[in-house]
Q: 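Handing you a structure now.
Values in this document were obtained by computation on a predicted structure and should not be read as measured data. All values below were derived from every heavy atom in this structure, side-chain atoms included, with hydrogens, water molecules and symmetry-related copies excluded.
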Amino acid sequence: MKLTIITPDKPVFDGEVTSVTVPGAAGSFEVLENHAPIVSTLEDGKVIIRTGKSEEVITIIGGVVEVIENKITVLAEGIV
């Protein structure tokens, strides 16, 4: 899957991932390969990026996420 995280200031992450967990407005949720299309608002919190053997955490300040055809786009208001 392709994950892109963008803030108004700069791109933060752009690469292939195996899964990602985002802080949705109704609670955190994980996106895996072939996830159903979704658009959701995001709360302040941790985006957990898994790329096979490694894991990276980026703390965001709100935003939105769109998942469509194994492409995940996070538009964050900012990062901490």
Q: Taking side-chain contact (heavy atoms from CB on, under 4.5 Å) as the definition, give me every residue that meets it alongside Val12, ordered by chain and number, with sequence neighbours left out.
A: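 Residues passing side-chain contact (heavy atoms from CB on, under 4.5 Å) with Val12: Ile5, Thr7, Ile58, Ile79.
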Q: State, to 0.1 Å, how close Pro8 and Glu77 come at their nearest heavy-atom pair, and which atoms those are.
A: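 In this case the closest contact between Pro8 and Glu77 is CD-O, 3.5 Å.
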Q: Without hydrogens or angle criteria, can the side chains of Thr18 and Arg50 be said to hold a donor-acceptor pair below 3.5 Å?
A: no
Q: What's the spacing between Ile61 CD1 and Leu42 CG if we round to 0.5 Å?
A: 12.5 Å
Q: Under the side-chain contact (heavy atoms from CB on, under 4.5 Å) test against Ile49, which residue among Val22, Thr21, Val17 passes?
A: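 Answer after filtering Val22, Thr21, Val17: Val17.
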Q: Could you report the tightest heavy-atom contact between Pro23 and Ser28, atom names first, then the distance?
A: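 Nearest pair, atom of Pro23 first, then Ser28: CA-OG, 3.8 Å.
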Q: Quick one: pull up OG in Ser19 and CD in Glu55 and give me the separation to the nearest 0.5 Å.
A: 8.0 Å
Q: Could you see if Ile60 belongs to whatever hydrophobic cluster contains Phe29? Use Ile, Leu, Val, Met, Phe, Trp, Tyr and a side-chain cutoff under 4.5 Å.
A: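 Yes.
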Q: Scan Val64, Val65, Val67 and name whichever one has a side-chain contact (heavy atoms from CB on, under 4.5 Å) with Ser40.
A: Val65
Q: Does one hydrophobic cluster hold both Met1 and Val74, with members joined at side-chain heavy-atom distances below 4.5 Å?
A: yes
Q: Are Ile48 and Leu32 linked, directly or through intermediate hydrophobic residues, by side-chain heavy-atom contacts shorter than 4.5 Å (ILVMFWY only)?
A: no
Q: Can you tell me how far apart NZ (Lys2) and CG (Asn70) are? Round to the nearest 0.5 Å.
A: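 Taking NZ in Lys2 and CG in Asn70, the distance rounds to 13.0 Å.
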Q: For the atom pair CD (Glu16) and CG (Leu3), what is the distance rounded to the nearest 0.5 Å?
A: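 Rounded to the nearest 0.5 Å, the CD-CG separation comes out at 9.5 Å.
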Q: Just verifying a value: how many Å separate Leu75 CG and Thr41 OG1, rounded to the nearest 0.5 Å?
A: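 Leu75 CG to Thr41 OG1: 12.5 Å, rounded to 0.5 Å.
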